Amino acid sequence: MSLSGFASPWWFLLLVVVAALVGGYVWTMRRRRRDALRFSNMAVLDRVAARRQGWWKHTPPALLGVALILLTVALSGPTAEQRIPRNRATVMLTMDVSLSMKARDVDPNRLAAAKMAAKEFADKLTPGINLGLVSFAGTATVLVMPTTDRTSVKRAIDSLKLAEATATGDGINASMQAIDSFGKMVGGPSGPPPARVVLMADGGQTIPREMDAPRGAYTKAEEAKKAGIPISTISFGTEHGSIEIEGEQEWVEVDDEAMQEIARLSGGEFHKASSAQQLRSVYETLGEQIGYETKHTDASRPWLVLGTLAAIIAAGISLFAGRRLP
């Protein structure tokens, strides 16, 4: 039962009628009492009052009044916030496959943990969401266009391979292009479905070096903002990650600041994951945010049911005890 909002609050004007009925009932009861006191034989009056007076006789009218109030609330159209699965949305999962993703600061390594968490994300995402996949290293590749077929997405996730360099901006750009193409194919009178990019990376862009260059991640994040496509970033890894390149250890610590800025510029949210478990938790949170939406739905049924039951009980008591309707 909810009283958070009403679709037709003007129905509450009926409460004035209910109040008038209550007032009329009280006035009628008092008038009857005054008329009864006109009897000259008080002994007879006492015997009648003992047999017929009592608070129980006010129960049916009181229940009827309650029923009218409950039914008035029902007519006013109370609403309640309810989380319902989305049946129209597009999500592009954009995954970093640069060499830094082979760092073992996350067991067994960043890429293996990312694959497992991404597949769980695909499995748990609500069926109505179209999910696509983009991988990026030195270049970006659209591996799967948005689809409700989770098997193809998971198969593509399993096929991810490491490559040199990191072009984060290209990954974002490829995701936006896939969203735009898909939106043109499925968009109806209401336009393309709402879309979002989920960017999983360690933040270390190398191509180009400048994040605000024309191909840079910051520039593409601003373009995503203009296109109405927020980017939910996941900074994955720790400050102690390293990889071996030509026999030498090279540190590949995550760049949380860059990932935060990408999310901010695009109007999305930043998430941090330093372990496989944290990454699964982030994906679960994103699945809840993306897969469901909160809507104000009709909540009049409980009020209608209670009002009807109160009216039935009032009629039953009146017929059983007084052999008449209230």
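Nothing here was measured: the structure is a model prediction, and the numbers come from that model. Count residues from 1 along the sequence.
- Residues Leu68 and Thr72 approach most closely at O-OG1, 2.7 Å, considering heavy atoms.
- Salt bridge annotation for Lys226-Glu223: absent, with no cationic side-chain nitrogen under 4.0 angstrom from a carboxylate oxygen.
- Scanning both residues, Val142 and Met145, for their nearest heavy atoms gives CG1-SD, 3.9 Å.
- Nearest heavy-atom pair across Pro78 and Val73 is CD-O, 3.1 Å.
- Closest non-hydrogen pair, Ile290 versus Ile129, comes out as O-CD1, 4.0 Å.
- Cluster partners of Leu309, using a side-chain heavy-atom cutoff of under 4.5 Å among ILVMFWY residues and allowing indirect links, are Val305.
- A donor-acceptor contact closer than 3.5 angstrom is absent between the side chains of Ser135 and Thr141.
- In this structure, Arg264 pairs ionically with Glu261, as a charged nitrogen and a carboxylate oxygen lie closer than 4.0 Å.
- Ion pairing between Lys272 and Asp256 holds under the 4.0 Å rule for side-chain N and carboxylate O.
- Residues Ser232 and Arg196 bring a donor and an acceptor atom of their side chains to less than 3.5 Å of each other.
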Audit row: Ser76, Ser8, side-chain hydrogen bond (donor to acceptor under 3.5 Å, both in side chains) steps and yes/no: CA-CA 5 Å; Ser76 300; Ser8 305; over 6 Å; no
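- The two atoms that bring Val153 and Leu131 nearest to each other are CG2-O, 3.6 Å, heavy atoms only.
- Remark: of the listed residues Glu269, His271, Met200, His271 is the sole one forming a side-chain contact (heavy atoms from CB on, under 4.5 Å) with Val282.
- The existence of a salt bridge linking Lys119 and Asp123 is excluded, since no basic side-chain nitrogen approaches an acidic carboxylate oxygen closer than 4.0 Å.
- Residues Phe136 and Thr168 come closest through the heavy atom pair CE1-CA, 3.6 Å.
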Indicate every side-chain donor-acceptor pair of residues 212-219 with a distance under 3.5 Å to a residue at least two apart or in another chain.
residue: Arg215; atom: NE; partner: Asp170; partner atom: OD1; Å: 3.2
residue: Arg215; atom: NH2; partner: Asp170; partner atom: OD2; Å: 2.3
residue: Thr219; atom: OG1; partner: Asp212; partner atom: O; Å: 3.0
residue: Thr219; atom: OG1; partner: Ala213; partner atom: O; Å: 2.6

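- Taking a 4.5 Å side-chain heavy-atom cut-off between Ile, Leu, Val, Met, Phe, Trp and Tyr, the cluster of Leu71 extends to Leu304.
- Note on Asp96 versus Arg110: no salt bridge recorded, every NZ/NE/NH1/NH2 to OD/OE distance being 4.0 Å or above.
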